[in-house]
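The block underneath contains the structure these notes are about, expressed in C-alpha cells.
Just so you know, these numbers come straight off a predicted model, no measurement behind them. Protein chains get the first letters and strands the later ones, always in sequence-line order, with residue 1 at the start of each.
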2 protein chains.
Amino acid sequence: MSDENYPELRLENQLCFPLYACAKEVVHAYKPFLDKLDLTYTQYIAMMVLWEKKACNVKELGEMLYLNSGTLTPLLKKLESKGYIERKRSINDERILNISLTDKGQELQKEALFVPMSVGSCIKLSAEEAKTLYMLLYKVLGLLKNEEIE
Amino acid sequence: MSDENYPELRLENQLCFPLYACAKEVVHAYKPFLDKLDLTYTQYIAMMVLWEKKACNVKELGEMLYLNSGTLTPLLKKLESKGYIERKRSINDERILNISLTDKGQELQKEALFVPMSVGSCIKLSAEEAKTLYMLLYKVLGLLKNEEIE
DNA sequence: TTAAGAGAAATTGTGTACAATTTAATTGTA
DNA sequence: TACAATTAAATTGTACACAATTTCTCTTAA
C-alpha cells in the first residue's frame, strides 16, 4: 500500500502539529474577549507579567515570555502609546530599558478579570486533564530548554 | 498580601501560556533540521499534507492546517518557486486552485525522513506521556471547534 | 436568461516572531 | 587609564497569521 509509506511523516502521527494548531486556536479563542480591551494576545501576556511584577526590563520580560527584542520593542511602544506602560532607561545602566505600569495600565487589570474565565468556559477540560496537560507542556518546555544548554 | 491579588491573571496559572510558549519552542526546535531542507516549519507541514495526499486544493489544505488563504497563497507561491509543487486552476471550477506535488517535491520526502526522529530525540517524553499529550491537545482542538459551530 | 447570492482565492493592512546586525553603554583586564 | 569584549535594545529583513475586502467564478431562483 503506497499510501502507508513513511508513516512518520504523516501529520496525524506528529506531536508538533496538534501543539502548533492548538496554540493558534487557543489564541484565536481569546480574540473576542481581548478585542473588548483593545489588546492583542501578545500584548495581553506582556500586561499579565506587569500586573504581577509591576515593573521589569525588556530582557526579563523576554525571558519570561520567550520573546526577543525584535518582537518586544514594537509591542512595548504600542502599549506605551495606549498609555498602559512607561518605558524609561535605567539610571544606573543606560543599556537597560525599564518597563513600568501606569495607573491606566493598573486599572486595566480589573477589566481583564473576566478574560480567563470566559476562555476557560470554551475549553471544558476536567481539572485533572488541565493539570496533566499543564504538567506535560512545562515538561516539554523544560526538555527543550535543557537541549539548548547542552 | 497584595502580590496575591487576582491569581487568575498570573501567567503561571494559565494553560494558554505554556501552550503558546511550547508551540513556539517546538517550532524552534525544528529549525536546524528544516534549514537543511530549505523549508520553514509552515512550508514543512504543507509538504507533509502533499506527501500524504499527493494533491489537494487551497481550501482543503487550509482546513487541514488551520490556515487561511492569506497565509497559504504566498507560502504556496514560494513552494512553487522552489519547484516542489504545481499550482493549477481547476478545469471544472476556475475558482479552485489545485496543488500537486512535482517529482522534485516527491523526492524531498526521502530527505525529510530524518526530521521527525531528530526532533523526537530532543523531546524525550515517554510513549505514555506523548500519547496523553497528543490526546489532550486534540481534545482541546475539538472543544474549540465545537465552540465555533454553536 | 439573468441578476443576486454564494464560494474560492488573492490582496491589503496590522501585528507578531525571530535571526542577524547595529548602536550604545558597561565591564574586565592588560 | 584605555581598549577589547560583553551586554541590552533597537533595527532590518524575511516569513508567517489572520481579519476584512476584493476579484472572479459559479450556482440558483425569479
Side-chain angles (χ1 to χ4, degrees), chain A residues 17 20-32 34-35 37-47 56-82 85 87-99 144 148, chain B residues 17 20-32 34-35 37-47 56-82 85 87-99 144 148:
Chain A
F17 179 69
Y20 161 84
C22 201
K24 277 198 313 142
E25 294 305 299
V26 168
V27 168
H28 186 252
Y30 273 83
K31 190 163 191 312
L34 293 181
D35 278 351
L37 303 176
D38 188 31
L39 289 178
T40 65
Y41 180 76
T42 318
Q43 289 166 7
Y44 171 67
I45 60 175
M47 290 304 291
C56 69
N57 63 49
V58 174
K59 182 185 160 68
E60 290 164 348
L61 190 60
E63 281 165 1
M64 273 183 285
L65 299 181
Y66 295 79
L67 291 171
N68 69 23
S69 66
T71 304
L72 288 175
T73 297
L75 182 139
L76 293 170
K77 285 179 179 173
K78 203 73 194 280
L79 287 176
E80 185 182 45
S81 77
K82 293 182 186 184
I85 66 168
R87 299 163 66 248
K88 276 192 185 140
R89 291 283 165 184
S90 163
I91 297 164
N92 302 327
D93 185 341
E94 294 241 355
R95 292 172 301 180
I96 293 172
L97 187 75
N98 288 127
I99 314 298
L144 288 172
E148 276 173 30
Chain B
F17 179 69
Y20 160 84
C22 201
K24 277 198 312 143
E25 293 305 299
V26 168
V27 168
H28 186 252
Y30 273 83
K31 190 165 191 310
L34 293 181
D35 279 351
L37 303 176
D38 188 31
L39 288 178
T40 65
Y41 179 76
T42 318
Q43 289 166 7
Y44 171 67
I45 60 176
M47 290 303 293
C56 69
N57 63 49
V58 173
K59 182 184 160 68
E60 291 165 347
L61 190 60
E63 281 166 0
M64 273 184 284
L65 300 181
Y66 295 79
L67 292 172
N68 68 23
S69 66
T71 303
L72 287 175
T73 297
L75 182 138
L76 293 170
K77 284 180 179 172
K78 203 75 193 280
L79 287 175
E80 184 182 45
S81 76
K82 293 182 185 184
I85 65 168
R87 299 162 66 247
K88 277 191 185 140
R89 289 284 164 183
S90 163
I91 297 164
N92 303 327
D93 185 341
E94 293 242 353
R95 291 173 301 180
I96 292 171
L97 187 75
N98 288 128
I99 314 297
L144 288 171
E148 276 174 30

Report summary line: Heavy-atom contacts, protein to nucleotides 7-18 of chain C, under 4.0 Å, summarised as B (base), S (sugar-phosphate only) or - (none) per nt, yield BSSBB---SSBB
Query - Side-chain donor or acceptor of B:K82 paired with backbone N/O of B:D38 under 3.5 Å - result: yes
Query - Rounded distance (Å) that lies between atom P of D:dT14 and atom CG of B:L39 - result: 18 Å
Report task. Kindly give the heavy-atom pair with the smallest separation between B:R95 and B:R89, and that separation in Å. Result -> O-NH1, 2.8 Å
Query raised in the report: Do A:L79 and A:L39 have side-chain heavy atoms sitting under 4.5 Å apart?
Result: yes
Requested in this report: Using a heavy-atom cut-off of under 4.0 Å over every strand shown, decide if B:D35 touches base, sugar-phosphate, or nothing.
Outcome: nothing
Query raised in the report: Between atom OH of B:Y41 and atom CG of B:L34, what is the distance when rounded to the nearest 0.5 Å?
Result: 9.0 Å
Query raised in the report: What is the pairing partner of C:dA30, taking Watson-Crick or G-U wobble pairs with both distances under 3.5 Å in any strand?
Result: D:dT1
Query raised in the report: Hey, what do you get for CD1 (B:I99) to NZ (B:K88), rounding to the nearest 0.5 Å?
Result: 11.5 Å
Query - Interatomic distance where CG belongs to A:D38 and C1' belongs to D:dA19 [whole Å] - result: 15 Å
Report summary line: Paired with B:N98, the side-chain contact (heavy atoms from CB on, under 4.5 Å) test is passed by just one of B:V58, B:D93, B:N57, B:I91, namely B:N57
